There are 2 protein chains.
Amino acid sequence: MVCRPEDVGFPAVGSGMSKKTITINEIARLAGVSKKSVSRVLNDEQGVSDKTRAHIKHIMQEAGYEPDRRARALASSRSLLLGLAYNNRNPSYILDLLAGSQRAANALGYEVVMHQIADEGAAADDVIRFMRRSGCDGLIITPPLSESARLLADLVSEDWPMVRVAGDHADFAVPQIRYNDRTAALSLTNQLLKDGHRELAFIGGPAAAGPTKRRLAGIQDALTLHGLTADDLTIVYGDFTFESGKQQGLALLQGSTRPSAIVCANDEMAAGVYHAAAVCGVAIPAELSVTGFDDSPVASHLYPPLTSVRQPVQAMMALAVQMLTGDSKRPPSDRIAQFDAEVVARESTAVPHPINAD
Amino acid sequence: MVCRPEDVGFPAVGSGMSKKTITINEIARLAGVSKKSVSRVLNDEQGVSDKTRAHIKHIMQEAGYEPDRRARALASSRSLLLGLAYNNRNPSYILDLLAGSQRAANALGYEVVMHQIADEGAAADDVIRFMRRSGCDGLIITPPLSESARLLADLVSEDWPMVRVAGDHADFAVPQIRYNDRTAALSLTNQLLKDGHRELAFIGGPAAAGPTKRRLAGIQDALTLHGLTADDLTIVYGDFTFESGKQQGLALLQGSTRPSAIVCANDEMAAGVYHAAAVCGVAIPAELSVTGFDDSPVASHLYPPLTSVRQPVQAMMALAVQMLTGDSKRPPSDRIAQFDAEVVARESTAVPHPINAD
DNA sequence: CTGTTAGCGCTTTCAT
DNA sequence: ATGAAAGCGCTAACAG
């Protein structure tokens, strides 16, 4: 049932190498220059004439030379590895972050190593061990880890560069890259209000969570714009899970004042609301409008497809990588980079049904 | 809006290191032995007395020594990195694979580097470039890449070890680790037949895909067991996407002989069938039973929760890593390791509604 | 602009 | 069972 490498002529690590590796010495010899010159070309350094540089590049190309990252790592005391710490909340989001960072990292000669934090309580130790073990040159911290004040406080004294994606706690010295979810929530809500919705509800994540607070603030901004007050919004809190969305959805739909629209702080909880609506026999969007956040795959797979908010993950991760590797050519500013998000309107929202008005 | 590291006192890679690194020389000096002895302890090699070994270990512990993986990599010509090539089909599945392989890899001192294949047509070149660039010691190929005969043929001559997760083409020299989805499909279908379903439909992925063929075969096994024939099963093909599930679901539900149960080759397509059922006003499970494969999060988030098949990802990836690193202590056998899957029964299946019988 | 000389921290090889 | 020496392939620091 199970095979062992040795028994099937299967080469395990280090067992049998065949193709000879081309070294920098070889290239230097072929090009008739010193290996230092080759090194300079490799690292895009100055100090090589254009002619020599072109010649060396040509030789490298021809020989199919690939620099040995291990040797480079040792000699330059960089590993050319970047760490990405995550906390498996939304798989598709995490993979998007990975894809975005990988694309940018590879372009700069780096690879991305993922690290999942199992126990959020011991996250700092976990991350530190990971960084020491892996030797990564820098670290990207993703939400919700990036929201943890404690983690950041414990990490800020470490000596590797880090950036965090979408976090609060602007007081920490760790630069952050976020998108403007408050503004996104505002325009989302604005549309609902324009459609005529007046009985709104918000299902947040944990009340203390950054995304919850920012998204709620955006909703309230919209209410204010329309001359409404805090009383016009029912606020309940979940924990970003499907189950919590379902529970809070049930509570809202079975309550005395059923909302005509529910804004959810993420798509998972919105899916839970769909579930609750199905249980209660409430039609979406005819009797209930629902919106989410994150534009995860589930948003397009729900029926009807869910209106959600999409963040510019590619651009955000590209910046993160550039900051970590010191390759940023962007203009200077403070330590918070903010991007704009996009509301993806789908069929989960509609003009409220008159039946709801009674 | 955007910050540059230099401008905010943010340490980019290699800019400012402070904490002194402890080297093997240091440990050797503290322990009063040669660094070779320390190296032996590090690598669990023989040739050190128990007493000396314990002493060295103690010193290492005390000093908080962490071996430099870059130096180790260069000297031993291993990178202690394992590659995981994937093809973003099902994010939660990919992350499960990652988590499983990471756990096993870390235990052996390895890290896992992911690599997404963008263009499936040029997958081989892409993978080869990745492996050369990253210097990974071995490669794990995941589905659907692992099903590609062409990719495997192009890769089999490379000189790094590889394993594939869930692939067909047993003729190639690349060992594979799979689970028994045929048997799982059998027991799934068996249950439907026991429940009294007689009008079954199967929505496969592409007809030529391994999972499609294996799962279909399992269904047919069950039919045979119950004395039914191929005529008792309607077979249609999708492409594992939500959209294709929806299309085929609509076709089946609007067709002349509406099935009482639809077995889908994955959860995404089952979600599409839910969508189709909603459109057609068909109640699940009262009027239609649906099952999926993979037990992805969507399975539990659909309403009603979807019966699906869960594969032992952890165990499979642990074996994959052991095979790549040559650390396998399992008994020898042929080059296919097969695990058993588990049917996770939820509320998407029920005894067929009499109305359907006419 | 180009080259030389030393290492990076560890493993390997071969002594003892 | 232990240790000394010689690199791994590259970059750093300095020379010309």
Side-chain angles (χ1 to χ4, degrees), chain A residues 13-15 17 19-57 59-60 63-81 109 132-135 137, chain B residues 13-15 17 19-57 59-60 63-81 109 132-135 137:
Chain A
V13 170
S15 57
M17 293 285 109
K19 297 180 184 172
K20 56 180 173 292
T21 45
I22 303 150
T23 71
I24 197 172
N25 286 302
E26 196 76 0
I27 300 297
R29 197 179 54 72
L30 288 171
V33 296
S34 76
K35 63 180 180 179
K36 179 58 198 166
S37 295
V38 179
S39 173
R40 279 195 253 261
V41 171
L42 226 48
N43 297 294
D44 277 320
E45 283 171 18
Q46 295 194 324
V48 186
S49 70
D50 287 355
K51 183 161 166 277
T52 312
R53 187 181 298 271
H55 180 225
I56 293 176
K57 275 190 174 168
I59 299 281
M60 294 199 309
Y65 170 67
E66 187 84 25
D68 184 322
R69 79 185 291 112
R70 296 170 294 219
R72 297 223 299 169
L74 180 58
S76 63
S77 50
R78 306 173 305 165
S79 62
L80 298 176
L81 257 32
R132 285 175 54 94
R133 197 185 62 218
S134 66
D137 293 332
Chain B
V13 170
S15 56
M17 294 285 109
K19 298 182 184 173
K20 56 180 174 293
T21 46
I22 303 151
T23 71
I24 197 173
N25 287 302
E26 197 75 0
I27 300 298
R29 196 179 55 71
L30 288 171
V33 296
S34 75
K35 61 179 179 179
K36 177 59 197 167
S37 295
V38 179
S39 173
R40 280 196 253 260
V41 171
L42 226 48
N43 296 293
D44 277 319
E45 284 170 16
Q46 295 194 324
V48 186
S49 71
D50 287 355
K51 184 159 166 277
T52 311
R53 186 182 298 271
H55 180 225
I56 293 176
K57 275 189 174 167
I59 299 282
M60 294 199 307
Y65 170 67
E66 188 83 24
D68 185 321
R69 78 185 293 113
R70 296 171 295 220
R72 269 165 44 111
L74 180 58
S76 63
S77 50
R78 304 173 307 164
S79 62
L80 297 177
L81 256 33
R132 285 175 55 95
R133 197 185 62 218
S134 65
D137 294 331

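This one's a predicted model, so the numbers in the text were calculated from it and none came from an experiment. Reminder, nothing fancy here: chain letters follow the sequence lines and each chain counts from 1. Atoms considered below: every heavy atom in the structure, side chains included; atoms not considered: hydrogens, waters and symmetry mates.
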Taking only the side-chain heavy atoms of [X] (C-beta and beyond), determine which of [options] contains the nearest atom.
X	options	answer
A71(B)	dG3(C), dC10(C), dA12(D)	dC10(C)
S76(A)	dC10(C), dT11(D), dG9(D)	dT11(D)
T23(A)	dG3(D), dA12(D), dC10(D)	dC10(D)
L74(B)	dC8(D), dG3(D), dT4(C)	dC8(D)
V48(A)	dA6(C), dT2(C), dC8(C)	dT2(C)
I24(B)	dG3(C), dT11(C), dC8(C)	dT11(C)
A75(B)	dG9(D), dC10(C), dT11(D)	dC10(C)

Which heavy atom of [X] sits nearest to which heavy atom of [Y], and what is that distance?
X	Y	answer
A63(A)	I27(A)	CB-CD1, 3.8 Å
I56(B)	A31(B)	CG1-CB, 4.2 Å
R133(B)	R69(A)	O-NH1, 2.9 Å
S34(A)	A28(A)	C-CB, 3.8 Å

What integer distance in Å separates [X]:[atom1] from [N]:[atom2]?
X	N	atom1	atom2	result
I56(B)	dT2(D)	CD1	C1'	10 Å
H55(B)	dA1(D)	NE2	C1'	16 Å
E45(B)	dC10(C)	CD	P	14 Å
L42(B)	dG9(C)	CG	P	15 Å
R40(A)	dC10(D)	CZ	P	16 Å
K36(B)	dG9(C)	NZ	C1'	14 Å
M60(B)	dG9(C)	CE	C1'	15 Å
N43(B)	dG9(C)	CG	C1'	13 Å

Phosphate OP1/OP2 of [N] contacted by [X] side-chain N/O (<4.0 Å):
X	N	result
N25(B)	dG9(C)	no
S37(B)	dG3(D)	yes
S34(B)	dA4(D)	no
T52(B)	dT2(D)	yes
S49(A)	dT2(C)	yes
Y65(B)	dG9(C)	no

Between K35(B) and T23(B), does a side chain to side chain contact (heavy atoms under 4.5 Å, CB included) hold up when you go through it step by step?
CA-CA 10 Å; K35(B) 61 179 179 179; T23(B) 71; over 6 Å; no

With a 4.0 Å cut-off on heavy atoms, is R70(B) in touch with a base, just the backbone sugar-phosphate, or nothing at all?
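No contact.
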
Do Y65(B) and L42(B) have side chains that approach each other closer than 4.5 Å (heavy atoms only, starting at C-beta)?
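A side-chain contact exists here, since the closest heavy-atom pair is under 4.5 Å.
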
Check if the side chain of R69(A) and the base of dG9(D) share a donor-acceptor pair of N or O atoms closer than 3.5 Å.
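No, the side chain and the base share no sub-3.5 Å donor-acceptor pair.
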
